[in-house]
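To start, the structure under review is shown below, and the notes come after it.
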Amino acid sequence: MSWWLLHVDLDQFIAAVEILRRPELRGRPVVVGGDGDPTRARQVVATASYEARAFGVRSGIPLRVAARRCPEAVFLPSDPPAYRAASADVMATLARFPVQLQVYGWDEAFLGTETGDPMALAVDVRRAVLDGTGLSCAVGVGDNKLTAKHAARFAKPGGIHQLTAATWMAAMGAKPAAELWGVGPKTTKKLTALGLHTIADLAGADLATLTEHFGANAGGWLQLSARGTGETTVDTTPWIARSRSRETTFAADLTDRASVAQQVAALARALGADVIGDGRRVTHVAVKVRFSSFYTPTRVMKLRAGPTTDLDEIERAALTVLDKFDLDGGRPVRLVGVRTDLAMEDP
DNA sequence: TCTGGGGTCCTAGGACCC
DNA sequence: TCTGGGGTCCTAGGACCC
């Protein structure tokens with residue numbers, strides 16, 4: 001018996017939920033994103049089915065590009081409530097196992113358990129999810145969260161894979177450092193400049209060099225990750241959101257200050273109603289503006305009178321924060337967003 | 001073919017106080 | 001009179017993830 005972590009990762013989750021309620025779509029290229037109209041600009045792919053991915057359709061590319069790459073694809077609007085409900089079903093299924101469960105977003109979870117046969121557990125989990133919800137998942141088995149997460153990548157789609165400290169370097173060493181969980185484009189660029197290309201390069205790199213370029217925290221974390229070391233604990237406490245935000249990209253840029261202010265006020269009220277409805281108190285209000293140049297500053301204000309549940313105060317604060325922006329001359333605005341930071345005491 | 005939306009965490013730097 | 005250093009609060013931005 002020893003401590004194992006399983007990472008459960010649902011396959012093409014959003015597309016899979018859509019296919020589940022429209023079985024006639026199974027086997028076809030399905031693309032979900034925006035309002036589902038690929039002729040409209042400024043909308044991107046949320047998830048593509050594996051059939052659509054074969055045409056080069058990936059998350060994040062414009063719907064128009066997806067339509068060009070795969071004209072026969074079925075385009076569907078994003079339906080977050082349906083995905084939330086499907087996710088809750090999956091998590092409820094996982095919670096029935098004698099494990100510690102950490103929900104990790106809509107379509108992922110970590111399971112921690114003391115067991116002598118983690119692969120058998122993985123088989124049971126995958127079967128239970130499929131039988132209980134109709135959704136297929138990959139299960140990664142590891143000795144920590146990092147190895148479990150990467151094991152799940154090997155297992156995708158729909159499989160089971162084990163990765164531990166003992167097998168890490170043989171499986172991962174030759175891969176580009178960019179494939180490491182937590183290493184994004186910026187870090188990759190800096191690593192490349194240091195001559196560190198693979199995960200093995202990073203694992204063998206001089207720690208002083210890493211901390212010099214990435215800071216003591218990130219530098220140490222990078223090296224540990226490259227060596228396959230990660231968290232072994234599962235946080236089972238229910239998640240309490242630190243913030244909630246809402247943003248809108250306009251089909252056409254806004255060019256007058258009054259329209260921008262009106263949009264900010266509307267977002268602030270809608271968002272405020274949501275968080276207050278959830279019994280939360282707002283500590284800060286932030287506003288984000290994306291100009292046509294894609295320059296995207298954010299400004300934030302702490303509410304001086306303390307955490308509030310007053311919708312009018314939230315709206316006023318958002319408009320006050322908006323005043324910090326230079327909107328002179330009708331600089332074209334393509335997006336505005338409002339974020340509320342939430343008090344973390346008991347609501 | 002111009003680039004969504006919703007999050008978290010970390011760091012740097014200025015203000016201010018002692 | 002020409003000036004150190006620590007601590008904390010606050011904001012802005014960077015980076016990454018799903």
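Protein chains get the first letters and strands the later ones, always in sequence-line order, with residue 1 at the start of each. Given the structure is predicted, the values throughout are model-derived calculations rather than measurements.
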Determine which pairs satisfy salt bridge (charged side-chain N to carboxylate O under 4.0 Å, His left out) with at least one residue from residues 212-231 of chain A, sequence neighbours left out, and list them in order. A:Lys145-A:Glu231
If you round to the nearest 0.5 Å, how far is [atom2] of [Y] from [atom1] of [X]?
X	Y	atom1	atom2	result
A:Lys149	A:Leu163	NZ	CG	13.5 Å
A:Asp11	A:Tyr50	CG	OH	4.0 Å
A:Asp124	A:Phe97	CG	CZ	5.5 Å

If a pair satisfies side chain to side chain donor-acceptor pair (under 3.5 Å) and one of its residues is in residues 158-185 of chain A, list it, with sequence neighbours excluded. none
According to the side chain to side chain donor-acceptor pair (under 3.5 Å) rule, which pairs have a member within residues 54-78 of chain A, sequence neighbours left out? none
Check whether any side-chain heavy atom of A:Val183 sits under 4.5 Å from a side-chain heavy atom of A:Leu222, and report yes or no. yes
Check side-chain contact (heavy atoms from CB on, under 4.5 Å) between A:Thr308 and all other residues, then give those that pass, not counting sequence neighbours. A:Val282, A:Leu303, A:Asp310, A:Glu313, A:Ile314
Could you list the residues that satisfy side-chain contact (heavy atoms from CB on, under 4.5 Å) with A:Ala16, not counting sequence neighbours? A:Gln12, A:Leu135
Result for 5'-nearest mapping on DNA chain B, choosing between A:Ser293 and A:Lys288, is A:Ser293
If you assign each of A:Ser292 and A:Arg242 to its closest nucleotide in DNA chain B, which residue comes earlier from the 5' end? A:Ser292
Using a heavy-atom distance cut-off of less than 4.0 Å, which residues of [range] contact DNA chain B?
range	result
residues 179-192 of chain A	none
residues 314-335 of chain A	A:Arg334, A:Leu335
residues 63-71 of chain A	A:Arg64, A:Val65, A:Arg68

Listed range with range, the stems formed with DNA chain B by at least 3 consecutive Watson-Crick or G-U pairs (under 3.5 Å) are B:5-18 with C:5-18
Any sub-3.5 Å donor-acceptor pair from A:Arg269's side-chain atoms to A:Glu315's backbone N or O? no
Between which nucleotides of DNA chain C, 5' to 3', does chain A make heavy-atom contacts below 4.0 Å? C:dC10 to C:dC18
Over all strands shown, is A:Thr248 touching base, sugar-phosphate only, or nothing at heavy-atom distances under 4.0 angstrom? sugar-phosphate
B:dC17 and C:dT3: how far apart are their P atoms, nearest whole angstrom? 23 Å
Do any of residues 199-235 of chain A sit with a heavy atom less than 4.0 Å from DNA chain C, and if so which? none
Hydrophobic cluster mates of A:Val44, side-chain heavy atoms under 4.5 angstrom, ILVMFWY only, any path? none
Can you classify the ring geometry of A:Phe110 versus A:His7 as parallel (below 30°), tilted (30 to 60°) or perpendicular (above 60°)? tilted
Please check if atom NZ in A:Lys324 has more than 12 non-hydrogen atoms from other residues, nucleotides or ligands closer than 6.0 Å. yes
Consider only side-chain N and O atoms of A:Thr296 and A:Arg290, and report whether a donor and an acceptor are under 3.5 Å apart. yes
